[in-house]
J.: 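Just dropping this structure here.
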Amino acid sequence: MLNLSNGNGGAYIRFGAHTMAWEDSDKKAITIDTMVMDLDSVRTGWLLLAVGQRDWVEDATVGVKGKQPAPEYKYGFSVKLFSKPLGVVEWCANGVGVTKGFQAIFNACDKAADANPGKVPVIKYEGATPLKIGKGNTAIPNFTLKNWINRPAALDADPADADFDEPAPAPAPAPVRQAAKPKPAPAPVQDDEEMFN
């Protein structure tokens, strides 16, 4: 359990709860579809998001709340995602609707992880559900767990490396041909008379 019940550099994505839309680290609108989620990268902690400010105070143990640094910090999560169009990105948030959506897909993946050792989950964004909380409005991003795949090498690449293409498989070694056995020299030709002498 992540205990996300509260009502660092690099490429990232954000979900706008009021617009129900995604944007990238350049604040450009993006379309989110199918992504790989790196369960090993999931972290929880206290997150401060304000104009020109971002501060992340990570829990010592995932899902076990550390001390809140100040009232303006809200409890949230951080996870690494990968898709071919986006490359590797961080999704870090602390909003009520967003954490509910992430908690749901994390729980589904975590429950199935033991049956898929060494693999990573592929999740699909299925739109958002508006939610009214007190006098405010938010939205919950909805995801489904599609399947499990081998861990893409991109998830372990250096974030400073811009090339996240999967390496092509190594070519199969050429078959080794054995040298042709030398043909024995033909026996000297004898005529019929020599054979009987």
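Each residue takes its place number in the sequence, starting with 1. Computation of the quantities below employed the complete heavy-atom set of this structure, encompassing side-chain atoms and omitting hydrogens, waters and symmetry-equivalent molecules.
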J.: Would you say R151 and D156 make side-chain contact, with heavy atoms under 4.5 Å?
T.: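 In short, these two side chains touch, coming nearer than 4.5 Å.
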J.: At what distance, to the nearest 0.5 angstrom, does CZ of R54 lie from CG of L47?
T.: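 Between atom CZ of R54 and atom CG of L47 there are 5.5 Å.
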J.: Between the main-chain N or O of N137 and the side-chain N or O of H18, is there a donor-acceptor pair closer than 3.5 Å?
T.: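 Answer holds: yes.
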J.: Apply side-chain contact (heavy atoms from CB on, under 4.5 Å) to E90 and V79, showing your working.
T.: CA-CA 6 Å; E90 179 194 25; V79 63; over 6 Å; no
J.: Would you please test F15 and I32 for side-chain contact (heavy atoms from CB on, under 4.5 Å) and show each step?
T.: CA-CA 10 Å; F15 176 74; I32 296 292; over 6 Å; no
J.: Looking at R14 and D24, does any basic side-chain N land under 4.0 Å from a carboxylate oxygen?
T.: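 No.
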J.: With hydrophobic residues grouped by side-chain heavy-atom distances under 4.5 Å, do Y12 and W46 end up in a single group?
T.: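 In one cluster with Y12: W46, no.
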J.: I want to check something: taking the side chain as every heavy atom from C-beta on, are F102 and F143 in contact at a cut-off of under 4.5 Å?
T.: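 F102 does not reach F143 side chain to side chain.
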J.: Quick check against the 3.5 Å criterion: does T44 have a side-chain atom that pairs as donor or acceptor with the backbone of G63?
T.: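 The answer is yes, because a donor-acceptor pair under 3.5 Å joins these two groups.
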J.: At their closest point, which heavy atom of W148 faces which heavy atom of A113, and how far apart are they?
T.: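 Smallest heavy-atom distance, with atoms named: CH2-CA, 3.6 Å.
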J.: Got W56 and C92 here, is their nearest side-chain heavy-atom distance under 4.5 Å?
T.: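 They are in contact (side-chain heavy atoms under 4.5 Å apart), so the answer is yes.
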J.: Would you say that more than 12 heavy atoms from the other residues, nucleotides or ligands in this model lie under 6.0 Å from the CG of D114, or not?
T.: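 Incorrect, the count does not exceed 12.
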J.: Looking only at heavy atoms, which two atoms of A128 and M20 are closest? And how far apart?
T.: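 Reported closest heavy-atom pair: CB-SD, 3.7 Å.
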J.: Is there a side-chain contact (heavy atoms from CB on, under 4.5 Å) between T34 and S83? Walk through the geometry before answering.
T.: CA-CA 7 Å; T34 302; S83 71; over 6 Å; no
J.: Quiz question: by atom type and distance under 3.5 Å, do the side chains of Y73 and D55 form a donor-acceptor pair?
T.: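 Side chains of Y73 and D55: pair found under 3.5 Å.
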J.: Kindly give the heavy-atom pair with the smallest separation between P69 and V57, and that separation in Å.
T.: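 Closest approach of P69 to V57, heavy atoms only: CG-CG2, 3.7 Å.
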J.: Nearest 0.5 Å please: distance from the NZ atom of K74 over to the CD atom of E72.
T.: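 One gets 11.0 Å once the value is rounded to the nearest 0.5 Å.
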J.: Taking C-beta and beyond as the side chain, do K100 and L131 meet within less than 4.5 Å on heavy atoms?
T.: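 They are in side-chain contact.
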J.: Using only atom types and a distance under 3.5 Å, with no angle test, would you say the side chain of S25 pairs donor to acceptor with the backbone of A11?
T.: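 Between the backbone of A11 and the side chain of S25 there is no qualifying donor-acceptor contact (under 3.5 Å).
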J.: Give, for atom CD1 of I30 and atom CD of E23, the distance between the pair rounded to the nearest 0.5 Å.
T.: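 It comes to 8.0 Å.
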J.: Are the side chains of N94 and Y75 in touch, meaning some heavy atoms are under 4.5 Å apart?
T.: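 SC-SC contact between N94 and Y75 ruled out.
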J.: Is V89 reachable from L39 through a run of I, L, V, M, F, W or Y residues, each pair having side-chain heavy atoms under 4.5 Å apart?
T.: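 Yes, same cluster.
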J.: Are R43 and E58 within salt-bridge range, i.e. N to O under 4.0 Å?
T.: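 Here R43 pairs with E58 in a salt bridge, since their nearest N and O are under 4.0 Å apart.
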J.: So if I apply the side-chain contact (heavy atoms from CB on, under 4.5 Å) rule between V36 and each of I123, V88, L155, which one comes out positive?
T.: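 So the option named by the test is L155.
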J.: Parallel, tilted or perpendicular: which describes the rings of W91 and F77, with under 30° parallel and over 60° perpendicular?
T.: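 If you compare the ring of W91 with that of F77, the planes turn out perpendicular.
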J.: Can you check whether K146 reaches T144 side chain to side chain, under 4.5 Å on heavy atoms?
T.: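 Of all side-chain heavy-atom pairs linking T144 with K146, at least one is under 4.5 Å.
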J.: Any carboxylate oxygen within less than 4.0 angstrom of a Lys/Arg side-chain nitrogen, looking at D33 and K124?
T.: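 Salt bridge present between D33 and K124.
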J.: Are the side chains of L81 and D38 in contact, using a 4.5 Å heavy-atom criterion?
T.: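 D38 vs L81: side chains apart.
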J.: Please report the interatomic distance CG(N147) to CG(L145), rounded to the nearest 0.5 Å.
T.: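 Here the interatomic distance stands at 7.5 Å.
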J.: Do other residues, nucleotides or ligands put more than 12 heavy atoms under 6.0 Å from K28 NZ?
T.: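 Result for NZ/K28: open.
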J.: Given 3.5 Å as the limit, does a donor-acceptor pair link the side chain of D59 with the main chain of G66, or not?
T.: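 It does hold such a pair.
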